[in-house]
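Report on the following structure.
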Amino acid sequence: MFPSLALGFLVAGITAVAAASSSSCVGKISSLDTLAVLSNARRSILIAFTALVEKQFELQLLDGTTVNVLGEIQFGNLSWAGPLFRVIGNDVTFNGNNQRWDGGGPFYWDGQGAGITTPHPMMQISISGTLNNVYVVNSPSSAFAITNPGPLTISGATVDDLQGNYPNSRSGNATAAHNTDGFDVSGSDILIQHLHLRGFSTVLNQDDCLAINSGTNITFADNYCEYGHGISIGSISSNAVVSDIKIIGNHVVSSAFSFRIKTDASATNSIVKNVTYSDNTATNCTGFGVLITQVRVISVCFLSVLRGRGFHGLSQDINFNHGTTSVTANRGAYRVAVNCGSGSCTGDWDWSGLQTSGGKAGSIVNNNLIAGFVDTR
Ligand SMILES: *[C@@H]1O[C@H](CO)[C@@H](O)[C@H](O)[C@H]1NC(C)=O
Ligand SMILES: *[C@@H]1O[C@H](CO)[C@@H](O)[C@H](O)[C@H]1NC(C)=O
Ligand SMILES: *[C@@H]1O[C@H](CO)[C@@H](O)[C@H](O)[C@H]1NC(C)=O
Ligand SMILES: *[C@@H]1O[C@H](CO)[C@@H](O)[C@H](O)[C@H]1NC(C)=O
Ligand SMILES: *[C@@H]1O[C@H](CO)[C@@H](O)[C@H](O)[C@H]1NC(C)=O
C-alpha cells in the first residue's frame with residue numbers, strides 16, 4: 001500500500017502528458033508534485049495520493065497504459081466550465097478501485113443551475129479500453145461524458161448525487177442539484193454495465209441515468225438507476241444517428257421515467273433505430289414528466305417517442321422482446337405513451353416482452369406498428 005498524503009494541496013490545474021517513452025516501468029504519483037514524472041511516460045500509473053485539485057486534472061496517456069487510483073480526489077470550489085477530470089488515450093485500463101472522486105456539488109447546487117458557471121461534465125472519458133469501479137459523489141452537473149475513440153467497456157461505476165435530492169440554503173424548498181445526468185454518451189462500440197446511480201427525481205431537472213445522444217452498438221446492461229429520469233435515448237438533435245442499442249437487465253427504481261426516447265422538436269435528418277429492451281424491471285415509476293413538443297404535450301411514464309413539427313427523422317425497429325421487461329407505474333403515473341409524427345415511426349415494433357401494471361394508460365399516436373403488447377393495469 002502506498003502512503004496517502006493528507007488533504008491540503010491546492011493546485012491550479014494539472015495536466016499529465018505521458019507521451020515520450022516506451023518504458024514499461026511503473027510511474028507512481030505519490031503527490032501532486034510527482035505528477036510531472038508522468039511527462040517521462042509510463043505505461044503503468046498509480047495515483048497514490050489523496051488530493052485536492054483546484055481546477056482541472058487531465059491525463060493524456062500512452063497507448064496501453066494501466067492506471068490505478070489509490071487515493072481520493074477532491075476538487076476545489078471554482079466557478080468555471082470544466083470538465084474537472086479528463087482522461088485521453090487508447091487501449092487504456094483505468095481502475096478507479098472505488099476511491100471517491102468528490103465534485104463538491106453542494107458548492108454549485110442552487111436548485112436551478114443558473115447561479116454560477118458550473119463545471120460540466122465532471123468526468124470526461126475519452127479513452128478506449130476499460131474503465132472500472134470509478135466512484136463519483138456530488139457531481140456539480142453531469143457526472144460522466146463518454147466520447148471514446150474506440151471500443152470501451154465501463155464497469156461498476158457509481159454516481160451518488162443523493163445529497164442533491166434535498167434543498168439547501170440557496171435552493172429555497174427546491175431540490176438542490178440540477179442537470180446531474182449520470183452518463184451522457186456520444187460514441188460507438190460501448191458496453192456500460194453494473195453501474196449504481198442515485199440521482200434525484202424533480203421533473204424540472206434533467207438528470208437522466210443514461211442519455212445516449214448519438215452512436216451505434218451501445219449496450220447498457222445490469223445497471224441500477226434510482227431517483228432520476230431513467231434510461232434515455234436523446235434528446236436527439238439534427239443529423240444524429242442512434243442505432244443498434246441494447247438495454248438489458250437493468251433496474252430502474254423510483255424514477256420519473258424509466259425508458260425513454262425523445263427527439264427535439266426541430267430535429268431533422270436524424271434516426272433512432274434498432275433499439276432492443278430485454279429483461280429490465282422498472283418499479284415505482286412516478287411519471288410526472290410533462291414533455292412539451294410543438295405538436296402536443298404528453299405525460300410519460302414509460303416510453304415516449306416524440307415528434308415535433310418539422311421532424312424529418314425516423315424511429316425504426318423499437319423492440320421490447322427477447323425477455324420480459326416489466327414496468328410498475330405509481331398511482332397517477334402513465335404506463336406507456338407513444339407520440340409519433342405522421343409517418344415518422346417505421347419498421348417492426350415487437351413489444352411482446354413488455355408487461356405493465358399500476359398507473360394509468362397513456363395515448364399511442366401515429367403508431368400502429370406496435371405488436372404483441374397488451375397494456376394491463
Ligand atoms: C466546497 O464547498 C462545499 C459546500 O459549500 C464544502 O462542503 C466543501 O468543503 C468545499 N470544498 C473545498 C475544497 O473547499
Ligand atoms: C418553503 O415551504 C414552506 C412550507 O410549505 C413555506 O412556508 C415557505 O415559504 C417556503 N419557502 C420558500 C423559500 O419557498
Ligand atoms: C460492439 O461494442 C462492443 C463493446 O465495445 C465491442 O466489444 C464489439 O466488438 C462491438 N461490435 C462490433 C460489431 O463492432
Ligand atoms: C440490431 O442491433 C444488434 C445489436 O444491438 C445487432 O446485433 C443487429 O445486427 C442489428 N440489427 C440490424 C438489422 O441491423
Ligand atoms: C417512489 O418514488 C418517489 C420519487 O422518487 C419517492 O419519493 C418514494 O419514496 C418512492 N416510493 C417508494 C415506495 O419507494
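Source: prediction; values computed, not measured. Order of appearance sets the numbers: ligands from 1, and atoms from 1 within every ligand.
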Atom indices of ligand 5, in the order listed, that fall short of 4.0 Å to a heavy atom of [X]:
X	result
Thr286	2 (O), 3 (C), 4 (C)
Ser254	1 (C), 2 (O), 4 (C), 5 (O), 10 (C), 14 (O)
Tyr227	5 (O)

Proximal atoms of ligand 3 relative to Pro151 (non-hydrogen, under 4.0 Å): 5 (O)
Atom indices of ligand 3, in the order listed, that fall short of 4.0 Å to a heavy atom of Leu152: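 So the atoms of ligand 3 that pass are 5 (O).
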side-chain contact (heavy atoms from CB on, under 4.5 Å) assessment of Val336 paired with Phe373: CA-CA 11 Å; Val336 174; Phe373 171 55; 3.8 Å; yes
Atom 5 (O) of ligand 3: the protein heavy-atom neighbour that sits closest, reported with distance to 0.1 Å: Asp189 O, 2.7 Å
Taking atom 4 (C) of ligand 4 as the reference point, the nearest protein heavy atom with its distance: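 Protein heavy atom at minimum distance: Lys246 CE, 3.7 Å.
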Sub-4.5 Å side-chain heavy-atom contact between Trp101 and Phe75: yes
Sub-4.5 Å side-chain heavy-atom contact between Lys246 and Phe220: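 No, every pair of side-chain atoms sits at 4.5 Å or beyond.
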Protein non-hydrogen atom below 4.0 angstrom of atom 7 (O) of ligand 4 present: no
Asn330 vs Asn284, side-chain hydrogen bond (donor to acceptor under 3.5 Å, both in side chains): CA-CA, chis, key distance, verdict: CA-CA 5 Å; Asn330 211 339; Asn284 188 31; 2.9 Å; yes
Asp160 (side chain) donor-acceptor with Leu197 (main chain) under 3.5 angstrom: no
Parallel, tilted or perpendicular: rings of Tyr277 and Phe320 (30°, 60°): parallel
Pick from Asn274, Asn217, Thr276, Ile247: the one approaching atom 11 (N) of ligand 4 most closely through a non-hydrogen atom: Asn274
For atom 14 (O) of ligand 5, the option (of Thr283, Asn284, Val253) bearing the nearest heavy atom: Asn284
Ligand 3 to Thr153 polar contact by distance, N or O atoms, under 3.5 Å: no
Side chain to side chain donor-acceptor pair (under 3.5 Å) partner of Asp244, the single match among Asn274, Asn217, Thr276: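 Considering Asn274, Asn217, Thr276, a side chain to side chain donor-acceptor pair (under 3.5 Å) with Asp244 is found only for Asn274.
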Contact summary for Met122 and Pro140, nearest pair of heavy atoms: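 Answer, listing the atom of Met122 first, then Pro140: SD-CD, 3.8 Å.
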